[in-house]
Amino acid sequence: MKNILNKNDIDRLYSKMREKGVSTSQICKALNINYPCFIAMTEGKQPCYGKWQKILADILQTDRKELFANTETI
């Protein structure tokens, strides 16, 4: 399925969040989603849409293709 994050993507996301000091609360606010939606995304139950990927990459000051290397985007 497209835009579903796999374990490697999630590990990279959390690693970058720790590295940059970005909290899940900040991520949720930037994506305009609630925490359960964020958790669903990290568990593969909710897609991580292309727009969200761009916002996450911007917040974490990293390249989108590096952060989501294994995710097929639409």
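Atoms considered below: every heavy atom in the structure, side chains included; atoms not considered: hydrogens, waters and symmetry mates. Bear in mind the structure is a predicted one, so any value in this text is a computation, not a measurement.
- Here the side chains of I59 and L31 are not in contact, with every heavy-atom distance at 4.5 Å or above.
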Mind listing the side-chain donor-acceptor pairs of residues 14-23 below 3.5 Å, one per line with the distance, residues two or more places apart or on another chain?
{"unit_1": "S23", "atom_1": "OG", "unit_2": "S25", "atom_2": "N", "d": "3.4"}
{"unit_1": "S23", "atom_1": "OG", "unit_2": "Q26", "atom_2": "N", "d": "3.1"}
{"unit_1": "S23", "atom_1": "OG", "unit_2": "Q26", "atom_2": "OE1", "d": "3.3"}

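- From I10, atom CD1 reaches atom OG1 of T42 across 5.5 Å, with rounding to the nearest 0.5 Å.
- Residues F68 and L56 form a side-chain contact, since some pair of their non-hydrogen atoms from C-beta on lies under 4.5 Å apart.
- The shortest distance between side-chain heavy atoms of Y49 and M41 does not fall below 4.5 Å.
- Between F38 and C28, the shortest heavy-atom distance links the atoms CB-SG, 3.7 Å.
- Remark: N32 CG is loosely packed, at most 12 non-hydrogen atoms of other residues, nucleotides or ligands lying under 6.0 Å away.
- Rounded to the nearest 0.5 angstrom, N3 CG and C48 SG are separated by 7.0 Å.
- In this structure, CZ on R64 lies 5.0 Å from CD on Q53, to the nearest 0.5 angstrom.
- Under the 3.5 Å distance criterion, the side-chain polar atoms of R12 are matched with a main-chain donor or acceptor of L67.
- Side-chain contact between I27 and I33: absent, with no pair of heavy atoms (C-beta onward) separated by less than 4.5 Å.
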